[in-house]
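Heads up: numbering here begins at 1 and tracks the sequence. In what follows, every heavy atom counts, from backbone to side chain, and hydrogens, waters and symmetry copies are set aside.
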Amino acid sequence: MILFKKAIDLRKHLDVQRKSGKKIGFVPTMGALHEGHLSLIQASKSATTLTVCSIFVNPTQFNDPADFEKYPLSTDKDIALLLSAGCDLLFLPDVDEMYPDGLTSNQKFDLGEMETLLEGKFRPGHFQGVCQVVNQLLLQVEPDALFMGQKDYQQCMVINRLLQQTGNCEKIQLHICPTLREPDGLAMSSRNRRLNEADRVISVTIYRTLSFLKENLKAGKLDVIQKSAFDQLQAAGFRTDYIVIADATTLQPVTYWDGKQQLVALVAAFLGEVRLIDNLPLN
Ligand code: AMP
């Protein structure tokens with residue numbers, strides 16, 4: 001695996017590879033890698049001929065400075081994991097490399113309702129930051145395919161919009177990969193490392209609650225099961241930002257189900273200071 005810290009060196013190398021016919025797959029991450037991330041590397045390796053991973057903890061997507069400060073870092077371990085996964089190239093830029101003109105940007109992405117719904121509502125500015133960094137990374141890597149996890153359901157929709165807006169839809173194929181879970185159902189996440197032992201036990205309630213919604217879904221009013229799901233989380237000790245049943249393509253909340261509409265349940269909740277998100281397609 002080759003490691004690049006400078007975009008100019010990365011671009012030069014990738015230009016040569018592209019000319020020699022390599023198809024480039026790209027997996028952007030914020031590090032603290034786990035099997036979920038490695039599953040994206042595997043997906044890229046099966047669909048392309050050169051896999052690039054980036055590790056960059058992007059300051060502009062953190063609406064809470066404390067969350068940014070506490071974001072786990074484990075670069076040496078990450079490099080070892082990427083090597084064993086057979087990743088070809090790691091891009092490891094620093095903040096100056098990614099934001100040479102400073103962190104504030106005049107560029108505004110039109111994210112429509114994604115900006116005010118769910119994560120957009122509870123993390124103001126988050127998706128603008130995500131688009132800022134992903135847009136910059138796509139200019140640097142110019143991949144043929146982009147691999148992202150369904151774990152971040154709304155983020156996948158936002159990136160799809162970004163690709164449309166930047167005219168990259170045809171050029172870059174977006175692959176949305178399934179969520180990898182721990183044996184008890186907890187979605188793998190870098191933030192899980194911050195859970196203490198007791199909270200790690202409680203954290204499984206998120207998946208149980210999503211499964212409860214899936215098992216109890218019936219055509220008609222959905223308010224009773226949604227209220228019960230919220231109560232289950234609160235009773236377990238979560239501070240819940242939201243747990244909702246939503247339309248799978250618009251993310252608009254659904255309170256009455258006609259038995260046909262495609263639905264997804266999405267949740268964001270705090271255990272102590274750790275904010276966890278997850279989702280489950282319901283039908
Ligand atoms: P992050 O480092 O958390 O920004 O995540 C980098 C990429 O890995 C994103 O596309 C995530 O959706 C994806 N990812 C994170 N957790 C998982 C998981 N448990 N299963 C599959 N993909 C994941």
Side-chain angles (χ1 to χ4, degrees), residues 34 36 62-64 66-67 70-71 113-127 149-158 178-283:
H34 50 68
F62 286 84
N63 53 315
D64 174 6
D67 190 25
K70 290 189 185 143
Y71 201 83
E113 285 180 330
M114 290 301 123
E115 187 117 35
T116 46
L117 276 172
L118 307 174
E119 288 301 280
K121 173 175 167 194
F122 284 93
R123 300 188 68 190
H126 168 64
F127 286 132
Q150 186 164 10
K151 156 84 169 41
D152 297 279
Y153 193 97
Q154 194 174 3
Q155 174 170 272
C156 291
M157 296 176 74
V158 164
T179 303
L180 255 71
R181 298 181 179 281
E182 301 290 352
D184 64 2
L186 176 68
M188 291 181 182
S189 164
S190 307
R191 287 190 168 83
N192 295 351
R193 294 185 190 185
R194 291 179 52 206
L195 294 170
N196 63 36
E197 227 173 288
D199 283 348
R200 173 61 189 86
V201 174
I202 296 170
S203 63
V204 70
T205 311
I206 289 200
Y207 182 64
R208 291 210 183 121
T209 310
L210 290 172
S211 305
F212 161 83
L213 287 173
K214 186 170 170 137
E215 282 153 21
N216 289 280
L217 181 73
K218 285 192 203 83
K221 281 184 163 186
L222 300 177
D223 49 344
V224 174
I225 56 169
Q226 292 205 72
K227 164 93 173 56
S228 169
F230 181 87
D231 291 346
Q232 287 172 35
L233 287 174
Q234 296 296 108
F238 285 90
R239 194 156 41 87
T240 309
D241 275 352
Y242 59 83
I243 177 152
V244 285
I245 297 176
D247 180 277
T249 44
T250 65
L251 291 191
Q252 287 294 339
V254 175
T255 50
Y256 184 93
W257 186 45
D258 62 6
K260 290 183 234 138
Q261 191 177 8
Q262 289 296 306
L263 301 177
V264 60
L266 304 111
V267 55
F270 283 92
L271 256 186
E273 288 184 350
V274 185
R275 188 174 185 272
L276 300 173
I277 64 168
D278 198 356
N279 66 81
L280 197 64
L282 297 185
N283 55 326

Considering all heavy atoms of both residues, which atom of [X] and which atom of [Y] are nearest to each other, and what is their separation?
{"X": "Ser228", "Y": "Phe212", "answer": "OG-CZ, 3.4 Å"}
{"X": "Gln150", "Y": "Pro281", "answer": "NE2-CG, 3.6 Å"}
{"X": "Phe238", "Y": "Ser203", "answer": "CZ-CA, 3.9 Å"}
{"X": "Phe127", "Y": "Gly120", "answer": "CE1-N, 3.7 Å"}
{"X": "Leu117", "Y": "Pro253", "answer": "CD2-CD, 4.3 Å"}

Does any N or O in the side chain of [X] come within less than 3.5 Å of the main-chain N or O of [Y], such that one atom is a donor and the other an acceptor?
{"X": "Asp199", "Y": "Leu195", "value": "no"}
{"X": "Gln154", "Y": "Met114", "value": "yes"}
{"X": "Asp278", "Y": "Leu186", "value": "no"}
{"X": "Tyr207", "Y": "Leu280", "value": "no"}

[atom1]-[atom2] distance between [X] and [Y], expressed to the nearest 0.5 angstrom:
{"X": "Leu271", "Y": "Thr205", "atom1": "CG", "atom2": "OG1", "answer": "7.5 Å"}
{"X": "Leu118", "Y": "Tyr153", "atom1": "CG", "atom2": "OH", "answer": "11.0 Å"}
{"X": "Leu282", "Y": "Trp257", "atom1": "CG", "atom2": "CH2", "answer": "8.0 Å"}
{"X": "Gln226", "Y": "Ile245", "atom1": "CD", "atom2": "CD1", "answer": "4.0 Å"}
{"X": "Asp152", "Y": "Met157", "atom1": "CG", "atom2": "CE", "answer": "13.0 Å"}
{"X": "Glu115", "Y": "Arg123", "atom1": "CD", "atom2": "CZ", "answer": "13.0 Å"}

Counting C-beta onward and ignoring hydrogens, is there a side-chain heavy-atom pair between [X] and [Y] closer than 4.5 Å?
{"X": "Lys221", "Y": "Thr255", "value": "no"}
{"X": "Phe122", "Y": "Arg275", "value": "yes"}
{"X": "Leu213", "Y": "Leu263", "value": "no"}
{"X": "Phe62", "Y": "His126", "value": "no"}
{"X": "Thr249", "Y": "Gln262", "value": "no"}
{"X": "Asn192", "Y": "Leu276", "value": "yes"}
{"X": "Leu266", "Y": "Ile277", "value": "no"}
{"X": "Asp67", "Y": "Glu273", "value": "no"}

By ring-ring contact (aromatic ring centres under 6.0 Å, His included) - contacts of Phe270 (at least two apart):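 Partners of Phe270 by the ring-ring contact (aromatic ring centres under 6.0 Å, His included) criterion come out as none, since no residue qualifies.
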
CA sep, side-chain torsions, deciding dist, call: Asp241, Lys121, salt bridge (charged side-chain N to carboxylate O under 4.0 Å, His left out): CA-CA 10 Å; Asp241 275 352; Lys121 173 175 167 194; over 6 Å; no

Test side chain to side chain contact (heavy atoms under 4.5 Å, CB included) applied to Met188 and Lys151, step by step: CA-CA 9 Å; Met188 291 181 182; Lys151 156 84 169 41; over 6 Å; no

Arg208 atom CZ, neighbour heavy-atom count above 12 within 6.0 Å: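 Result for CZ/Arg208: open.
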
Salt bridge (charged side-chain N to carboxylate O under 4.0 Å, His left out) assessment of Arg200 paired with Asp184: CA-CA 11 Å; Arg200 173 61 189 86; Asp184 64 2; 3.0 Å; yes

Evaluation steps, side chain to side chain contact (heavy atoms under 4.5 Å, CB included), between Gln261 and Asp247: CA-CA 7 Å; Gln261 191 177 8; Asp247 180 277; 2.8 Å; yes

Distance-only polar pair, side chains of Gln155 and Glu119, donor-acceptor under 3.5 Å: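 The criterion, which ignores hydrogens and geometry beyond distance, is not satisfied for Glu119 and Gln155.
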
